[in-house]
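Input: a single structure, listed below in structure tokens.
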2 protein chains.
Amino acid sequence: MSLRAVKPQHETRTRILDAAEELFMLHGFEGTSMRLLTSRAGVNLAAVNYHFGSKDALIEALFRRRLDPMNAARIAELERIETEAKGRTLVPEEIIRAFVGQSLRLIEDTKSGGRSFIRLLGRTYTEPAKAIRALIGQLYAPTMERYKAALERALPHMPREELVWRMHFMFGTLSYTLAATDAVQLIAGCKPEDRYDARLLEDRLTAFLAAGLNAPLKTSVRKAA
Amino acid sequence: MSLRAVKPQHETRTRILDAAEELFMLHGFEGTSMRLLTSRAGVNLAAVNYHFGSKDALIEALFRRRLDPMNAARIAELERIETEAKGRTLVPEEIIRAFVGQSLRLIEDTKSGGRSFIRLLGRTYTEPAKAIRALIGQLYAPTMERYKAALERALPHMPREELVWRMHFMFGTLSYTLAATDAVQLIAGCKPEDRYDARLLEDRLTAFLAAGLNAPLKTSVRKAA
DNA sequence: GTCTATATCATGATAGAC
DNA sequence: GTCTATCATGATATAGAC
């Protein structure tokens with residue numbers, strides 16, 4: 001009873017953000033109405049506009065709340081393994097693991113809603129609304145630059161254009177894996193409790209991506225143009 | 001002038017489907033209103049309900065129009081290379097190329113709207129609306145079963161669970177690549193006209209996926225549970 | 001088959017009392 | 001900060017003339 005009785009300062013904001021993560025993941029942005037959102041959050045209909053200004057501003061706040069620390073953690077992790085290597089050149093697999101690990105570990109976080117967000121995030125990379133894609137791209141840009149530079153050092157002989165494509169593929173695999181965690185059942189039966197073991201998934205995904213990134217370079221394109 | 005004057009039997013249906021592909025890709029399903037859709041198609045507001053029954057039925061018709069022949073082509077292509085091999089076991093790369101090739105070749109088809117559809121399709125694998133995901137899964141099921149069986153023959157020593165995961169990763173990479181064709185610019189500058197060369201993309205993607213699928217199996221999970 | 005006109009409802013946002 | 005009541009808009013769907 002004391003659980004609901006006390007209301008800390010910004011609890012309303014937090015309740016709205018938490019409910020939004022879950023509902024946007026389930027029904028999409030356009031498919032989630034303010035009425036459903038506020039009633040799920042247990043707050044008044046007008047609260048979203050009071051606290052955030054508009055639905056769009058709520059979406060932006062939602063992404064910033066999670067992405068800013070996640071990307072900071074990704075950069076910190078990369079710097080950590082770089083200093084730990086003491087001058088040795090990193091292998092691509094180490095870099096990939098640093099990148100994907102930060103997303104995947106949130107999957108295990110069901111308590112604070114991290115999993116909802118991470119699934120929403122995967123879904124949103126292909127979001128049609130231009131404003132949302134632009135926001136995501138902007139929040140990601142520094143991290144992507146940092147990792148691209150690291151991979152260029154790890155793969156000095158790979159043509160830059162090929163590396164960009166392979167990073168694109170890797171990003172896609174991660175996004176889809178995060179978003180479509182229930183689609184595995186389409187391919188074959190898995191015990192649901194296994195599907196979210198982040199450590200196991202991290203190993204599987206890292207092995208797959210590292211092999212793809214290191215795929216042999218064709219000496220030439222299949223047929224000269 | 002004769003171009004618009006004559007109206008073949010089912011031209012209205014086709015005009016609606018073509019406009020829907022483009023608009024759903026740009027704004028999503030919920031973000032595309034019937035008013036925008038019918039005015040873009042140059043037909044009356046009531047035409048969608050007359051010809052399809054409802055917006056949802058239109059979406060279903062849209063997917064069936066493209067997916068049924070595409071998946072039939074995928075199965076036919078697999079059977080073609082299997083008979084052509086005359087008993088030799090196919091390598092995974094041949095199977096992968098057969099699968100991704102059918103999607104990618106539609107990218108070059110700007111004339112009849114194939115590219116719009118293929119981008120829409122990639123976006124829709126992570127669509128939150130359960131009914132749409134269920135429809136897609138149902139339309140894909142026979143193809144996936146067929147390719148899974150082919151890959152099991154090509155990789156007899158791979159544990160079935162690992163293969164399912166790697167197929168999941170491959171499917172994700174393809175989906176994202178199809179959906180987010182403009183996201184490459186986030187990573188680095190590419191000349192836009194290069195980005196849609198389907199043959200080049202097919203080579204790049206197939207090399208990446210084949211390497212990932214063939215990634216060495218860890219002798220054990222990183223740490224025993 | 002195609003159109004106009006409209007019914008019915010849900011949406012995001014706001015005004016103003018408390 | 002929170003509430004109720006409401007506005008203006010735009011949604012899907014349909015009825016009925018042509």
Atom CE of B/M34 and atom P of C/dT8 are separated, to the nearest Å, by 18 Å

Here the distance between atom P of D/dA13 and atom CG of B/L58, to the nearest Å, is 10 Å

From CD of A/E30 across to C1' of D/dA11 the rounded distance in Å is 12 Å

Quick check: A/F24 with A/F29 (ring centres under 6.0 Å apart)?
yes

From CZ of B/F29 across to P of D/dT12 the rounded distance in Å is 14 Å

Dot-bracket for DNA chain C, 5' to 3', Watson-Crick and G-U pairs with both distances under 3.5 Å, [ ] for crossing pairs, | for partner on another strand, reads ||||||||||||||||||

dist A/L121:CG -> A/M25:CE (nearest 0.5 Å) comes out at 12.5 Å

Does D/dG1 have its OP1 or OP2 closer than 4.0 Å to a side-chain nitrogen or oxygen of A/T12? no

- Task: May I ask you to decide if A/A41's main-chain N or O and A/R15's side chain share a donor-acceptor pair within less than 3.5 Å?
- Result: yes

Testing D/dA13, C/dG12, C/dA15 for proximity to the side chain of B/N49, the answer is D/dA13

Determine, step by step, whether A/F171 and A/Y140 satisfy the ring-ring contact (aromatic ring centres under 6.0 Å, His included) criterion, reporting the C-alpha distance in whole Å, the side-chain angles of both residues, the deciding distance to 0.1 Å, and the verdict.
CA-CA 12 Å; A/F171 207 71; A/Y140 260 92; 5.6 Å; yes

Check your understanding: Yes or no on side chain to side chain contact (heavy atoms under 4.5 Å, CB included) for B/N49 and B/K55, after CA distance, side-chain angles and deciding distance?
Key -> CA-CA 7 Å; B/N49 274 289; B/K55 190 181 182 179; over 6 Å; no

Separation of C/dA10 atom C1' from A/L37 atom CG, nearest Å, is 15 Å

B/L45 has its side chain closest, among D/dA13, D/dT2, C/dG1, to D/dA13

| task | May I ask you to say what B/T32 touches in the nucleic acid, namely base, sugar-phosphate or nothing, with a heavy-atom cut-off under 4.0 Å? | result | sugar-phosphate

Whole-Å distance, A/I16 CD1 to D/dG1 P, equals 12 Å

Problem set entry | A/E161 and A/R166 ion-paired at < 4.0 Å | no

Quiz item: Taking the six-membered ring of A/F99 as reference, does the NZ or CZ atom of A/R74 fall below 6.0 Å from its centre and within a 45° cone about the axis?
Solution: yes

Side-chain atoms of B/N44 come closest, of D/dA13, C/dA13, C/dC3, to C/dC3

With hydrogens left out and only the distance checked, is there a donor-acceptor pair under 3.5 Å joining B/R35's side chain and the base of D/dA11? yes

Against the side chain of B/S33, the closest entry in D/dA11, C/dG12, D/dT14 is D/dA11

A/L36 CG to C/dT11 C1', in whole Å, measures 12 Å

Side-chain atoms of A/Y50 come closest, of C/dT2, D/dT14, D/dG1, to D/dG1

Taken to the nearest whole Å, NE2/B/H51 to C1'/D/dT12 is 17 Å

